[in-house]
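To keep things clear, I will list the structure first and then write my remarks on it.
A, B, ... follow the sequence lines: proteins, then strands. Residue 1 opens every chain.
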Amino acid sequence: MENTDVAQVFAEVADLLELTGGNAFKVRAYRQAAQLVELLPTPVSELWRQGKLTELPAIGERLAAHIEELLATGHYREHDKLLARVPPGLLELLKVEGLGPKTAALAWKRLHVKGLEDFEVACRSGALEKLPRMGPRRVAALLLAIERHRARKGRVPLYRALASAEAIVRQLREVPGVQAAEVAGSIRRRRETIGDLDLLVASLEVDAVIAAFKRAPEVQQLVASGPTRCTARLKSGLQADLRILPPQSFGAAMHYFTGSKSHNIEVRTRAMRQGLKLSEYGVFDREGRRLGGATEEDVFRLVGLPWIPPELREGAGEVEAAAAGRLPRLIEEADLLGDLHVHSEASSDGRSSVEELREEAGHLGRRYLAITDHSRSRPLGLEAGPMRALALEIHRLEAQVRRGPHLLTGVEVDILGDGELDLPLEVLAELDCVVASVHSHFSDSPEKMTRRIVRALRSGVVDVLGHPTGRQLGIRDPYAFDFQQVLEVAREQGVALEINATPDRLDLDDKHCRLAKEAGVRLVISSDAHHASQLANLRYGVWVARRGWLEREDLLNTLPLNQLKRRLHAHRGPPELHAPG
DNA sequence: GCCGTTTTCGGCCCGACTGTTTTCAGTCG
């Protein structure tokens, strides 16, 4: 049982408690525990073995006992009892926007609604409308929300949401009287997928701002509007929340609306203990006197903390680390000196020439670039002969043209079904950078997948494990394997794990990055570009790395070229593949 | 359910908006 499974059970218990009218604070306790476990970098099973579960904030004796029962048997009694009381279909109702536990429970008790279909019937028949505090407008809104819930493909990848959020913000900055306009919310925290847009404006001219928002080409229609905020549905199907605040509150509002929710609760609780009140309007003392809030730095300073980068604000230990002066110095894009996974038109699907790639990488300030085309198992992938010829060509270019980033020879070699590599070891050993990736048999059993990867890592010629979990956002789930074991072997073999920065891969993800760091495994951030224009994608990988608490020292492609080359070759084995001296 | 610089009992973050009401409950972030 993984952390996400435990988190899911706790979140479901929270929902079930709400539906059955359970204690609201108990509900919150379960929610907090679910969130904590979800974000935990260490497996709960390990903490349980060490007897450290109750050392976690939000986990007391009882929740620890529940976790123990879950780990031992896969379920626990309180959860089962609740499930027996509540029709399972009711849980889906809670995912409909504007439909909460009270309304769902009301429909269940009074109209015997057992799921979304029942609920829709109750809406259309007029039965729901007759219940207390219900009315025609509310029912109409719920019907619309049900439609959207069904149509919604879920969250969108960060890069899509970011583009429209930035476009809207640019337009709002042009409105007279607007002193600042920024993107907040999960986009600012650089979460990999986004559910809605949070936009903030500092201005006293509320009407003008809302009018401009309404006119933005991305906006389809306003769905709610008040004196400080309004909500719109965008043409992309996403929802955007716009808040307008006086400039003196802008910093406090940025902090508040950047979240995450659990981060906010931690900071606010901390403020409260110090006799302060923190809201989106500012920081206030007991008498209600304003102490600050124009900038985010104000807010953090007044509660005795250094400024915390948004990517860390997940309530996953960052407040504690900040208080102790132990915040990481997060990796920045400028720290990356090169790109170690790039495809050229020499094989398969690459569409730019080596020269074009080199030129664009130069514009982006990279100092080195590994050309890592596909091996023979991929359609149009290279056999040993052409692979050697490409390496020679790269050496020739490197010697001939001194301008631009240094070119490294390389390959993205397939890890075959049995864990063999797709080219002879002696060919691979001649190359500067060997990225090994799984491209087939994704549905192997976890045991077999683990054996495949481990065998490849032990070949002695692999430098980097490419897109280690194989996921594609919204398309393909990660394949199942024993990540901890792969980490151990990677450390033992000196193999780095890749953060593939292709915006709908982002593989490794932030949590796996943190695990790798803790296991002492180095990482690389690579674009996996198939066209020169995609070399800029590295920034998406940087954001993942930052969310994974990574620092410059945790990555290999922050090293200068000579150190990188030494590092790539130092771990190569077995010894017979090394030339003596 | 958790937790302790007021507490082992009695608190638990705070505010906005909507649709229903005629003062507020439900939902959201």
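Rounded to whole Å, the separation between the C1' atoms of B/dC17 and B/dT23 comes to 16 Å. Nucleotides B/dT20 and B/dA25 are separated by 9 Å at their C1' atoms, to the nearest Å. For the C1' atom pair drawn from B/dC13 and B/dG29, the interatomic distance equals 12 Å after rounding to whole Å. Rounded to the nearest Å, the gap between the C1' atom of B/dT7 and that of B/dC2 is 14 Å. Look at the C1' atom in both B/dT5 and B/dG1: the space between them is 24 Å, to the nearest Å. One C1' atom belongs to B/dG15, the other to B/dG10, and the distance between them is 24 Å to the nearest Å. Using atom P as the reference point in both B/dC14 and B/dC9, the two lie 25 Å apart (nearest Å). Straight-line distance between the P atoms of B/dG26 and B/dT21: roughly 13 Å, to the nearest whole Å.
Counting any heavy atom pair closer than 4.0 Å across all strands shown, A/R137 reaches sugar-phosphate atoms only and no base atom. No contact: A/Q274 has no heavy atom under 4.0 Å from any strand. No engagement by A/P132 is indicated, since no non-hydrogen atom pair under 4.0 Å with the nucleic acid exists. No engagement by A/T231 is indicated, since no non-hydrogen atom pair under 4.0 Å with the nucleic acid exists. No contact: A/H263 has no heavy atom under 4.0 Å from any strand. A/E61 comes within contact range of the sugar-phosphate backbone alone, with a heavy-atom separation under 4.0 Å but no base atom that close.
For A/H467, the side chain to side chain donor-acceptor pair (under 3.5 Å) test picks out A/E412, A/H439, with sequence neighbours left out. A/R28 is linked by a side chain to side chain contact (heavy atoms under 4.5 Å, CB included) to A/F25, A/Q32, counting only residues two or more places apart in sequence or in another chain. Every residue two or more places apart in sequence or in another chain that forms a side chain to side chain contact (heavy atoms under 4.5 Å, CB included) with A/L302 is listed here: A/V283, A/L291. Not counting sequence neighbours, the partners of A/E120 by the salt bridge (Lys or Arg N to Asp or Glu O under 4.0 Å) test are A/R124, A/R150. Not a single salt bridge (Lys or Arg N to Asp or Glu O under 4.0 Å) links A/D196 to another residue, sequence neighbours left out. A/A271 is linked by a side chain to side chain contact (heavy atoms under 4.5 Å, CB included) to A/L276, A/L278, A/V303, counting only residues two or more places apart in sequence or in another chain. Contacts of A/A252 classified as side chain to side chain contact (heavy atoms under 4.5 Å, CB included), with partners at least two apart in sequence or in another chain: A/V299.
Residue A/I265 is the one, among A/V139 and A/I265, whose nearest nucleotide of DNA chain B lies closer to the 5' end (criterion: closest heavy atom). Heavy-atom nearest nucleotides on DNA chain B were determined for A/R268 and for A/A224, and the one closer to the 5' end corresponds to A/R268.
One interatomic measurement links the two molecules: NE2 of A/H255 to P of B/dC14, which rounds to 14 Å at whole-angstrom precision. As rounded to whole Å, 13 Å separates atom P of B/dC3 from atom CZ of A/R62. We find that CD of A/E266 is positioned 15 Å from P of B/dC14, with the value rounded to whole Å. Atom CG in A/L200 sits about 14 Å away from atom P in B/dA16, given to the nearest Å. Note: NZ (A/K130) to P (B/dT21) measures 14 Å, nearest angstrom. Rounded to whole angstrom, the span from the NZ atom of A/K277 across to the P atom of B/dC13 amounts to 14 Å. Taking atom CG on A/L278 and atom P on B/dC14, their separation rounds to 9 Å, with Å as the unit. Atom CZ in A/R31 sits roughly 14 Å away from atom P in B/dC13 (whole-Å rounding).
Pairs of residues two or more places apart, or lying in two chains, never qualify as salt bridge (Lys or Arg N to Asp or Glu O under 4.0 Å) while including a residue from residues 46-68 of chain A.
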List the atom pairs, with distances to 0.1 Å, where a side-chain N or O of residues 206-222 of chain A and a protein N or O form a donor-acceptor pair under 3.5 Å, not counting sequence neighbours.
residue, atom, partner, partner atom, Å
A/E218, OE1, A/Q171, NE2, 3.3

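Side-chain contact check for A/I67 versus A/Y76: every heavy-atom pair is 4.5 Å or farther apart. A/V156 has its side chain out of reach of A/L473: every pair of non-hydrogen atoms, C-beta onward, lies at least 4.5 Å apart.
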Identify all pairs in which a protein N or O lies below 3.5 Å from an N or O of nucleotides 5-12 of chain B, and state each distance.
residue, atom, partner, partner atom, Å
B/dC12, O3', A/R28, NH1, 3.3

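A/H66 and A/H75 have their aromatic ring centers separated by at least 6.0 angstrom.
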Q: Starting at the 5' end of nucleotides 24-29 of chain B, put B wherever the base has a protein heavy atom under 4.0 Å, S where only the sugar-phosphate does, and a dash everywhere else.
A: BBSSSB
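OP1 and OP2 of B/dC13 both lie 4.0 Å or more from every side-chain N or O belonging to A/S279.
Residues of residues 300-326 of chain A having a heavy atom closer than 4.0 Å to DNA chain B: none are found.
A salt bridge links A/R547 to A/E314: one of the charged nitrogens lies within less than 4.0 Å of a carboxylate oxygen.
With no hydrogens or angles considered, no side-chain donor-acceptor pair links A/S260 and A/R313 at under 3.5 Å.
The partner of B/dT8 is absent, by the rule that a Watson-Crick or G-U pair needs both atom distances under 3.5 Å.
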